[in-house]
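What follows is one structure encoded as structure tokens, with my remarks underneath.
Everything numeric here is computed off the predicted structure, so don't read it as measured data. Chain letters run A, B, ... following the sequence lines, proteins first and then strands; every chain starts at 1.
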Amino acid sequence: MPCPAGESWERVVKLFEVTTSPLSADEVVSRLANPGVGGVATFIGVVRDSTDGRQVLHLEYEAYPEMAEQTLAQIGAEIQARWTTVREVAIVHRVGRQEIGETSVVIALSAAHRAELFDALHYAIDRLKEIVPIWKKEVWTDGSEWRSEQ
Amino acid sequence: MPCPAGESWERVVKLFEVTTSPLSADEVVSRLANPGVGGVATFIGVVRDSTDGRQVLHLEYEAYPEMAEQTLAQIGAEIQARWTTVREVAIVHRVGRQEIGETSVVIALSAAHRAELFDALHYAIDRLKEIVPIWKKEVWTDGSEWRSEQ
Amino acid sequence: MKVRVRYFASLRETVGLEQEEFELAAGSSVEHLLAALAGAHRGLDTRLAAVRAAVNRCYVSMGTLLKDGDEVALVPPVGGG
Amino acid sequence: MKVRVRYFASLRETVGLEQEEFELAAGSSVEHLLAALAGAHRGLDTRLAAVRAAVNRCYVSMGTLLKDGDEVALVPPVGGG
């Protein structure tokens, strides 16, 4: 008699993910877990209460999720090709409604030697804002607008 | 009759701290809490399992705690003087025995605009290793040694 | 041939659809598709200059030829992070 | 005058003390103190070239004059992070 179906014994870790769940930097960093690594750098995007002096009530993020995860993985590959001391990359972006002060994105990079982490981290967030199909709508008391940095 | 002594209603947040407790990046980032901020970058030091190919069992960190907290605060002040878009800085360093994979230090910086975060973060960890009176002893199966990058 | 067109964010609101099946002549390019969509959806025309196109989840140039069953996404300026 | 001397890490192990009160002639500098400590503690002499000194928790140069009650830390090469 075959074993009953159950949860897999494997822990499946997604390094590049779009999710509606709240984000934790510790949790994203734990996806990199590797005791050989000496340093991790993260970028944490936080929902701001204003842009251009206008009071934001909350944000709505929308994604093309399949392509967003694919482009996040592409950014990871670009980084590892360009900065060879970077060991692992994880990027998790939250979508849906988000309140002021909540975390919208966590980028985490690990390296045995830290020198290249910082340029790579800067590249990761710039590139995310350039190619990843995720959009954000600011909701004010008197209206709303889709924002982009482009 | 005076009110009985009790806990203060104020939440006292230490931005620069030496502690024996385990560290959380989320917790250190929360010390910066400010809804006006759009980006946070962190550096997370992780205890490595080897240096120079030698297997490390665990590390022992020792500090001159009063001076260490004072020099951490000095690094924060240096950063805010040099990179004016950096809003807040928090640095928490753990001391005592630490196992492979544990977090030894968390540096967190916030800024309304992200461009300067990465250089400032790089400066913070380099400067920490230069001036903060904290020492680390590697313990191997066959001995131990105080390490420094200098 | 038929392609599946997906709309997001401001374009989703302009068109009023998340996606649709769209019938095209064989040999059509992305550019041909966009022109046809602009004819079919009021208000889309003026928005297309800022739009990038992705076919099967990869960005492509406007001259890229489409084939039956392709998923074509109209990507307005992104703003994650 | 008396100063409090604090030892850390490898120097703490060399000297076998975490701290001590040390009697010095008035007008002594950090350099004078270090020379006196090297005379008092076997094995310290060869270690001093790599040591920085902190007085009352601030790094100082070797020529800095000490005063009664100062806390002087001998800081071997640091290695936090």
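- When heavy atoms are compared at a cutoff of 4.5 Å, A:A63 approaches chain C solely by way of its backbone atoms N, CA, C and O.
- Side-chain contact check for C:R6 versus A:E66: some heavy-atom pair is nearer than 4.5 Å.
- Among the candidates A:I125, A:V132, A:V105, the residue making the largest number of heavy-atom pairs closer than 4.5 Å to chain C is A:V132.
- Heavy-atom minimum distance, C:A9 versus A:E62: N-OE2, 2.9 Å.
- Of all heavy-atom pairs between A:P133 and C:V78, the closest is CA-CG1, 3.7 Å.
- At most 12 non-hydrogen atoms from other residues, nucleotides or ligands lie less than 6.0 angstrom from NZ of C:K2.
- Contact of the C:E13 side chain with the A:K137 side chain is registered, since non-hydrogen atoms from C-beta on lie closer than 4.5 Å.
- In this structure, the side chains of C:C58 and A:Q70 come closer than 4.5 Å at one or more pairs of heavy atoms.
- Considering all non-hydrogen atoms of both residues, A:K136 and C:G81 come closest at NZ-O, 3.7 Å.
- Partners of C:F8 according to the ring-ring contact (aromatic ring centres under 6.0 Å, His included) rule, which considers only residues two or more places apart in sequence or in another chain, are A:Y64, A:W135.
- With hydrogens and angles disregarded, no donor-acceptor distance shorter than 3.5 Å links the side chain of A:K129 to the backbone of C:G79.
- At most 12 non-hydrogen atoms from other residues, nucleotides or ligands lie less than 6.0 angstrom from CD of C:E18.
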